[in-house]
Participant: 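Questions regarding the structure given below will be posed in turn.
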Amino acid sequence: MPYEWTTGFEAPEESGALPFARTLVVRPHRSLGDRGFALFITATACLLALPILALLGTPALWVILVFVLAALAAIWLALRRNQRDLALTETLTLSRDEARLTRHAPDGSEQVWTANPHWVRVILYPTEGPVPDYLTLKGGDREAELGAFLTPEERRALAGELRTELARLR
């Protein structure tokens, strides 16, 4: 699953420790790591070099070489852009005092949503949202989306886990 729960701890208030908290970190799935990227670019470069071998020693080599290098550069840039866009992270911290959802965008910006966990509702819109099984958290008059990049099955499973965690905090 592209999300992970971690647990805080309970301690006496006089210790100065943080109260009990559960943290959920949600990230998009990355199917191509750095090693896979290198292998893909190498294989693509080798396959694109095959037609060039037939043109060695001819003036057409330079014309075709420009297009092959442009295609390889476009693939490289597109894959790097995709990896940069997957740097998105959503962190939900649930404690007895506060529910805090922080969205860390790939451009470095942050969006924060907070609510009293007693009033937070987990809402799953089967068809009304921008994606199937659109998952949101509603607290007060504000609603925040969570895991829009997850699959519908993952959002349904996450909704059940969130309801359980919120019920435990109440």
Side-chain angles (χ1 to χ4, degrees), residues 1-41 43-44 74-170:
M1 288 269 186
Y3 63 86
E4 176 184 25
W5 285 97
T6 57
T7 304
F9 57 91
E10 289 193 45
E13 284 194 28
E14 55 272 3
S15 71
L18 295 173
F20 173 79
R22 289 275 285 165
T23 302
L24 170 72
V25 178
V26 186
R27 291 183 183 91
H29 178 69
R30 294 183 68 181
S31 60
L32 186 66
D34 289 337
R35 185 167 193 260
F37 173 81
L39 288 172
F40 180 78
I41 290 295
T44 303
I75 291 170
W76 178 290
L77 292 173
L79 288 174
R80 282 296 178 204
R81 169 68 189 264
N82 183 45
Q83 286 181 331
R84 206 172 37 250
D85 289 347
L86 290 178
L88 172 69
T89 303
E90 295 176 349
T91 306
L92 174 66
T93 304
L94 298 173
S95 69
R96 288 185 173 85
D97 303 327
E98 181 182 60
R100 173 183 291 269
L101 177 62
T102 307
R103 184 177 196 268
H104 304 278
D107 64 3
S109 65
E110 253 185 28
Q111 294 173 314
V112 179
W113 171 87
T114 59
N116 183 330
H118 181 73
W119 301 109
V120 173
R121 289 183 303 146
V122 178
I123 303 172
L124 195 62
Y125 296 99
T127 57
E128 296 85 35
V131 293
D133 293 318
Y134 186 59
L135 177 62
T136 64
L137 299 174
K138 185 168 178 84
D141 60 343
R142 290 182 59 203
E143 195 167 0
E145 79 173 13
L146 179 63
F149 45 80
L150 298 174
T151 65
E153 295 80 21
E154 291 168 338
R155 283 192 292 276
R156 283 192 298 269
L158 182 56
E161 291 178 27
L162 284 169
R163 287 184 182 110
T164 303
E165 290 298 323
L166 286 167
R168 211 165 52 99
L169 285 173
R170 293 181 182 135

Participant: I want to check something: taking the side chain as every heavy atom from C-beta on, are Trp76 and Thr44 in contact at a cut-off of under 4.5 Å?
Facilitator: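 A side-chain contact under 4.5 Å is absent here.
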Participant: Mind listing the closest non-hydrogen atom pair of Ala144 and Trp113 along with its distance?
Facilitator: CB-CG, 3.7 Å
Participant: What are the two closest heavy atoms between Ala21 and Ser95, and how far apart are they?
Facilitator: CB-CB, 4.2 Å
Participant: Counting distance only, does the side-chain N/O of Arg155 pair as donor-acceptor with the main-chain N or O of Ala148 below 3.5 Å?
Facilitator: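 Checking the backbone N and O of Ala148 against the side chain of Arg155, a donor-acceptor pair under 3.5 Å is found.
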Participant: Checking Asp107 against Ser109: is there a side-chain donor and acceptor pair closer than 3.5 Å?
Facilitator: yes
Participant: With rounding to the nearest 0.5 angstrom, report the CG to CG distance, Leu32 to Leu39.
Facilitator: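 Answer rounded to 0.5 Å: 9.0 Å.
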Participant: Is any side-chain heavy atom of Leu162 closer than 4.5 Å to one of Leu146?
Facilitator: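 Side-chain contact under 4.5 Å: yes.
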Participant: Applying side chain to side chain donor-acceptor pair (under 3.5 Å) between Tyr3 and each of Glu90, Arg27, Glu161, report the one that passes.
Facilitator: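 The passing option is Glu161.
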Participant: So if I apply the side chain to side chain donor-acceptor pair (under 3.5 Å) rule between Thr136 and each of Arg121, Glu143, Arg142, which one comes out positive?
Facilitator: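 Single side chain to side chain donor-acceptor pair (under 3.5 Å) partner of Thr136 among Arg121, Glu143, Arg142: Glu143.
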Participant: Considering only heavy atoms from C-beta outward, does the side chain of Leu101 approach that of Thr91 to under 4.5 Å?
Facilitator: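 The answer is no; the side chains never approach within 4.5 Å.
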Participant: Quick one: CG on Leu77 to CZ on Arg84, what's the gap to the nearest 0.5 Å?
Facilitator: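 Interatomic distance, Leu77 CG to Arg84 CZ, rounded to 0.5 Å: 8.5 Å.
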Participant: Is a donor on one side and an acceptor on the other found under 3.5 Å between the side chain of Arg163 and the backbone of Val122?
Facilitator: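 Indeed, once roles are kept as given, a pair shorter than 3.5 Å links the two residues.
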Participant: Return the CG to CD distance between Leu158 and Glu165, rounded to the nearest 0.5 Å.
Facilitator: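 Answer rounded to 0.5 Å: 10.5 Å.
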Participant: Would you indicate whether Trp5, at its atom CH2, is surrounded by more than 12 heavy atoms from other residues, nucleotides or ligands within a distance under 6.0 Å?
Facilitator: yes
Participant: Please identify each residue that fulfils side-chain contact (heavy atoms from CB on, under 4.5 Å) with Leu86, with sequence neighbours left out.
Facilitator: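 Here the qualifying residues are Pro28, Arg30, Asn82.
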Participant: Once you round to the nearest 0.5 Å, how far does CZ of Arg22 lie from CG of Leu92?
Facilitator: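 CG of Leu92 is found 10.5 Å from CZ of Arg22.
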Participant: Show the nearest heavy-atom pair for residues Leu88 and Ala105, with the distance to one decimal.
Facilitator: CD1-CA, 4.1 Å
Participant: I'd like to know whether Arg81 forms a side-chain contact (heavy atoms from CB on, under 4.5 Å) with Asp85, so could you lay out the CA-CA distance, the side-chain angles of the two residues, the decisive distance to 0.1 Å, and finally the verdict.
Facilitator: CA-CA 6 Å; Arg81 169 68 189 264; Asp85 289 347; 3.3 Å; yes
Participant: One pair to check against side-chain contact (heavy atoms from CB on, under 4.5 Å): Asp34 and Gln83. What are the steps and the verdict?
Facilitator: CA-CA 9 Å; Asp34 289 337; Gln83 286 181 331; 4.2 Å; yes
Participant: Which heavy atom in Pro117 sits nearest to a heavy atom in Leu169, and how many Å separate them?
Facilitator: CB-CD1, 4.4 Å
Participant: Hey, does Val120 have a side-chain heavy atom less than 4.5 Å from the side chain of Leu94?
Facilitator: no
Participant: Can you tell me which residue pairs pass the ring pair (Phe, Tyr, Trp, His ring centres under 6.0 Å) test with a partner in residues 120-159, sequence neighbours excluded?
Facilitator: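 Sorted result for residues 120-159: empty, none.
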